[in-house]
Each structure stands twice: as C-alpha cells, then as structure tokens.
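Throughout, a chain's letter reflects where its sequence line sits, starting with A, and its residues are numbered from 1.
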There are 2 protein chains.
Amino acid sequence: MKLKKTLPPPTFSDNQTLNIDLQMCFALYSASLSMTKAYKPLLAELKLTYPQYLVLLVLWEKDAVTVNSLGERLFSDSGTLTPLLKRLEKLGFIQRQRSAEDERKVIVSLTKEGKQLQKQAASVPVQISCNTGCSLAELLLLNEQLISLRTALIKNSIKT
Amino acid sequence: MKLKKTLPPPTFSDNQTLNIDLQMCFALYSASLSMTKAYKPLLAELKLTYPQYLVLLVLWEKDAVTVNSLGERLFSDSGTLTPLLKRLEKLGFIQRQRSAEDERKVIVSLTKEGKQLQKQAASVPVQISCNTGCSLAELLLLNEQLISLRTALIKNSIKT
DNA sequence: CACAATTAAATTGTGTACAATATTTTATAT
DNA sequence: ATATAAAATATTGTACACAATTTAATTGTG
C-alpha cells in the first residue's frame with residue numbers, strides 16, 4: 001500500500017487567502033471558458049460544439065469504442081455522453097449500436113461524414129494555438145502542468 | 001492603431017496535430033472540470049456551487065456592486081448571473097435591489113449570513129491547494145500563465 | 001439452475017454557459 | 001420635447017456537467 005503524498009498547505013498571508021486574483025482555481029476556470037469561446041466560431045463552421053469535437057478527436061484516434069471507454073478518455077460519464085452522442089448521431093457524424101456480444105454495451109463509430117470531417121478540423125487547433133500567444137514549448141509545458149494538476153486533483157480529492 | 005501581434009503557428013508533425021493528449025486545450029478543459037469536482041464536496045457543506053462561491057469571493061472583496069461589474073470580474077454576463085444570483089438570494093446570502101439613482105442597475109450586496117460565510121470558507125482554498133500537489137511557487141506560476149493565456153485568447157479570438 | 005451482485009447505458013433533475021432577444025430605463029440628437 | 005440610440009438587466013432556448021436513480025444484461029455463487 002502506497003503512502004498518500006500530499007504537500008503541506010501553501011501559506012498565504014491571511015488577507016490574501018481568498019483574493020480571487022491569486023487563486024489559480026479561478027484562473028483555470030476562466031481560462032478554460034475563454035478557450036471554449038475561442039473554439040466556438042471555428043467549430044461552428046463544422047456544426048460542432050467543443051465537447052462534441054472532443055468526442056470526434058477520440059474517435060479519429062480509435063474508431064468503434066464503447067461509451068464507457070469514451071468516458072474514461074474524456075473524464076466524463078454516460079449522463080453527459082449519452083445525450084451528446086445522440087446529437088452527434090442526429091448530425092450524421094457517428095453511429096451508436098448495441099454490441100452483439102454484450103448487449104449492455106453501445107459501440108460508437110464514425111460515419112463516412114464523421115471521418116471526412118477530420119480533414120476540415122485539422123486547421124482548428126493550429127488556429128487556436130496562434131490565438132494563445134504561446135510558443136510551442138510553452139504550450140507543451142502548460143499541457144504537462146495541467147495534466148499533472150488534473151492527476152493530483154483526481155487522486156487527492158475526496159469523492160463526496 | 002496597434003499592430004496585432006500573433007505568433008506563427010507552432011508546427012506539429014501531421015500525425016500529432018489532432019492528438020488529444022498533446023492538446024493543451026483538453027488538458028485545460030479537463031483540469032478545470034477536475035478542479036470544480038474537487039471543490040464540490042467542500043462547498044456543498046456551505047450549500048454553495050463553485051460559480052456561486054466565485055460571486056461571494058468578489059463580494060467579500062467589495063460589497064454592493066452591480067451585476068455588470070460582477071460580470072466583468074468573473075468574465076460572465078447577465079444570462080448566467082441573473083439566475084445564479086436569484087439562487088444565492090433564495091439561499092439568503094445576498095440581496096438584489098434596483099439602484100435608486102439608475103433604475104436599470106441592480107445592486108448585489110451581502111446579507112449578514114453571506115458575510116458570516118466568509119469565515120467558514122477560509123479553509124476551502126487551503127484544502128484545495130493541498131490536493132493540487134503543487135507548491136506555492138508552482139501555484140503562483142500556473143496562475144500567471146493561465147491569466148496571460150486567458151488575456152491572449154480574449155484579445156485574439158474572433159467574436160462569432 | 002436460481003438469484004444476488006455487478007456492469008453499462010439511459011434517464012431525471014439541478015445548475016451553469018452563452019447566444020439571441022426582449023424589456024425597461026437613461027442618454028442623446030435633432 | 002420627442003424620437004432614437006444606448007445601457008443594464010432579464011428571458012428564452014440549446015448544450016453541457018454531474019449526482020442520483022433506473023433499466024437491462026451479464027457474471028458470480030451457492
């Protein structure tokens with residue numbers, strides 16, 4: 001059994017403990033919303049929302065996966081994914097079909113239209129990365145920092 | 001008129017352009033959701049959601065402000081804030097009242113209960129910062145990086 | 001085999017996020 | 001002074017995010 005390693009609380013002077021400007025949490029939250037807004041007009045041309053685009057990113061990497069495995073990849077669950085996938089299906093980009101071997105599972109796969117969309121989508125992240133004003137090195141560093149932050153939060157946070 | 005300064009697109013090898021793991025955008029998105037989930041059980045004890053907590057953070061800094069000024073501070077608008085503020089009012093933490101001088105404006109101010117909540121909330125960000133597994137220096141650095149990312153995205157992104 | 005436990009999705013209900021529109025009040029320009 | 005524009009908030013409609021519950025299929029156990 002591994003020991004759980006948590007750092008001691010960083011100490012702020014009392015006045016600043018709740019200062020919103022100093023709180024990385026709010027910076028994270030507002031930066032994430034700004035990012036989604038930045039994607040919106042670009043993805044709108046493909047008739048996609050940002051979460052729908054994320055699902056397609058996963059499928060473009062590996063087609064025909066279950067709802068569960070999509071959820072693990074995207075840190076999401078069926079409560080979010082099921083209605084989202086139904087919308088993607090209605091748009092004609094994916095198919096949802098029960099697995100023949102295990103009828104509990106639903107296999108999500110790309111349609112021809114969904115596959116074709118990948119080419120059009122290729123320029124989207126490039127355009128966004130320009131808007132960040134960050135260099136490639138900065139983007140990669142930030143990516144790693146955010147992934148380890150996410151990992152730590154998932155590991156150390158109590159589940160209700 | 002200032003020249004708009006945007007960096008040239010970072011170049012990825014073609015195969016990796018759409019790799020979800022390499023996309024800082026997804027790391028940002030998923031880390032932000034993880035952060036909100038980490039806050040959830042702590043804020044639930046105060047009967048607050050994370051966006052409601054953000055509103056109170058602003059009010060604890062400066063009480064009695066308009067919906068607009070709250071929105072500027074939180075990068076949000078009346079479409080989001082109005083229903084949220086109504087819930088906070090129903091919970092008894094804030095008051096909403098039309099300004100006497102300018103009846104278009106709504107002044108949001110803390111109730112006694114809302115002010116008292118600040119003491120109970122003090123331990124929340126401390127607990128969260130432990131869960132991040134980051135040192136104070138790392139948190140401050142990440143905070144700055146995210147703020148400049150947000151600033152760049154707001155400046156450089158086209159609006160619809 | 002029977003039946004409880006587990007697993008996979010779907011459903012329900014609450015709370016944002018946000019674009020688009022509406023409403024009300026104030027400011028401005030003839 | 002009156003129409004017009006602008007400003008501040010509210011409303012409407014769509015799309016998540018997520019906890020909690022439900023439904024259906026499969027697995028494990030006696």
Side-chain angles (χ1 to χ4, degrees), chain A residues 26 29-41 43-44 47-55 65-72 74-91 94 96-108 154 157-160, chain B residues 26 29-41 43-44 47-56 65-72 74-91 96-108 154 157-160:
Chain A
F26 175 63
Y29 181 77
S30 54
S32 176
L33 293 180
S34 297
M35 182 64 83
T36 302
K37 274 189 222 176
Y39 265 100
K40 185 163 294 197
L43 292 178
K47 307 218 178 289
L48 294 175
T49 65
Y50 185 67
Q52 290 167 4
Y53 167 73
L54 291 180
V55 166
V65 296
T66 66
V67 174
N68 234 351
S69 93
L70 264 178
E72 281 174 19
L74 298 173
F75 302 93
S76 189
D77 65 1
S78 73
T80 298
L81 287 175
T82 296
L84 189 157
L85 293 172
K86 284 183 179 175
R87 285 188 277 273
L88 275 179
E89 187 174 42
K90 187 169 287 184
L91 285 167
I94 66 164
R96 298 159 61 244
Q97 45 201 352
R98 289 277 163 186
S99 160
E101 306 92 59
D102 186 341
E103 294 230 331
R104 290 171 304 182
K105 298 181 181 174
V106 167
I107 308 296
V108 181
I154 291 174
S157 296
I158 56 180
K159 323 132 211 354
T160 308
Chain B
F26 176 63
Y29 183 77
S30 53
S32 176
L33 293 180
S34 298
M35 181 65 81
T36 302
K37 275 190 221 176
Y39 266 100
K40 184 163 293 195
L43 293 178
K47 308 220 177 287
L48 293 175
T49 65
Y50 185 67
Q52 290 166 4
Y53 167 74
L54 291 179
V55 166
L56 292 183
V65 296
T66 64
V67 174
N68 233 354
S69 93
L70 265 179
E72 282 175 17
L74 299 173
F75 303 94
S76 189
D77 66 2
S78 74
T80 299
L81 287 174
T82 296
L84 188 157
L85 293 172
K86 285 183 178 175
R87 287 184 207 104
L88 275 178
E89 187 174 42
K90 187 169 286 185
L91 285 166
R96 298 160 62 243
Q97 46 202 350
R98 289 277 163 188
S99 161
E101 308 92 59
D102 186 340
E103 295 231 332
R104 290 172 302 182
K105 297 181 182 176
V106 167
I107 308 296
V108 181
I154 291 174
S157 296
I158 56 179
K159 325 141 209 348
T160 308

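Going from atom NZ of B:Lys37 over to atom P of D:dA20 covers 13 Å, rounded to whole Å.
Closest to the side chain of A:Val67, from the set C:dT16, D:dT11, C:dA10, is C:dA10. When the nucleotides C:dT6, D:dA6, D:dC16 are ranked by their closest atom to the side chain of B:Arg104, D:dA6 comes out on top. Closest to the side chain of B:Asp77, from the set D:dC18, C:dA19, C:dT25, is C:dA19. In this structure, the nucleotide among C:dC18, D:dT9, D:dC16 sitting nearest to the side chain of A:Thr80 is D:dC16. For A:Ser78, counting side-chain heavy atoms from C-beta on, the closest listed nucleotide (C:dT11, D:dA19, D:dC16) is C:dT11. Checking D:dT9, D:dC18, C:dT25 against the side-chain heavy atoms of B:Lys40 singles out D:dC18 as nearest. Set against D:dC18, D:dT9, C:dA9, the side chain of B:Arg98 has D:dT9 as its closest nucleotide. For A:Lys86, counting side-chain heavy atoms from C-beta on, the closest listed nucleotide (C:dT11, D:dA8, C:dA9) is C:dT11. The side chain of B:Leu84 has C:dT16 as its nearest neighbour among D:dC18, C:dT16, D:dT9.
The main-chain N or O of B:Val106 is never found under 3.5 Å from a side-chain atom of B:Gln97 such that the two would form a donor-acceptor pair.
The phosphate of C:dT16 (OP1 or OP2) has no side-chain N or O of B:Ser76 nearer than 4.0 angstrom. OP1 or OP2 of C:dT16 has at least one side-chain nitrogen or oxygen of B:Arg87 nearer than 4.0 Å.
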